[in-house]
Every structure is written in structure tokens, then in C-alpha cells.
Amino acid sequence: MKSQQHRKNDEEKLSWVSLSLFGAGCTLGTGFFLGTSLAIHWAGISVLILLVLAAAGTYFFKYAKQISHYNG
């Protein structure tokens, strides 16, 4: 069984800023997935292909940026 001090420490781990940012992240994530599902419903599989291409482009851009950083 936890002592009173341990319970108090567990309750104070998240500040109001952390909770606010967590709430904003949940809201944005929900909107993203809802918007994606509606787009897939209306446009079909082409939306998934575009999302995969966007993810690949983002990955390669990040990778190219890291390579250029190492080459000077």
C-alpha cells in the first residue's frame, strides 16, 4: 500500500500546461483521423496512397537534411 507522500507525488506529476497540451493534442489527433476517414470515404484508396507518399517525402527530406548536415 502506498504511503501518503507517494500518493501526493503521483497526483502532482502533470502541470496545467502539460494537461492543456495533452488536450490540444487529443483534439488535433481526433480531427486528423476524422478528416482522414471522411476523405477516404469520399475519394477512396487514392487518399491512402497520397498519405504514404507524403510520409515518404517527409522521411527522405529529413534524411537528406541529416546527410547535408554531416557533409558540411
Side-chain angles (χ1 to χ4, degrees):
M1 193 155 154
K2 289 186 176 182
S3 69
Q4 187 68 18
Q5 182 64 29
H6 285 206
R7 285 188 200 137
K8 187 175 181 184
N9 288 342
D10 287 345
E11 292 172 0
E12 295 178 346
K13 286 187 179 181
L14 291 176
S15 67
W16 69 271
V17 174
S18 297
L19 289 173
S20 298
L21 291 174
F22 180 72
C26 290
T27 303
L28 291 171
T30 301
F32 176 76
F33 286 115
L34 179 62
T36 302
S37 69
L38 291 174
I40 291 170
H41 178 72
W42 290 332
I45 194 77
S46 62
V47 174
L48 292 177
I49 294 169
L50 290 174
L51 287 173
V52 169
L53 287 174
T58 303
Y59 174 77
F60 288 124
F61 178 75
K62 180 182 176 190
Y63 183 69
K65 191 174 179 182
Q66 286 176 348
I67 289 175
S68 66
H69 176 70
Y70 290 126
N71 290 336

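In this text, all values refer to a predicted model and were calculated from it rather than measured experimentally.
Linking Ile, Leu, Val, Met, Phe, Trp and Tyr whenever their side-chain heavy atoms come within less than 4.5 Å leaves L50 and I45 in two separate clusters.
Rounding to the nearest 0.5 Å places CG of L48 at 11.0 Å from CG of L53. A distance of 9.0 Å separates CG of L21 from CH2 of W16, quoted to the nearest 0.5 Å.
Shown here for S37 and L34, the closest heavy-atom pair between the two residues is OG-O, 2.8 Å.
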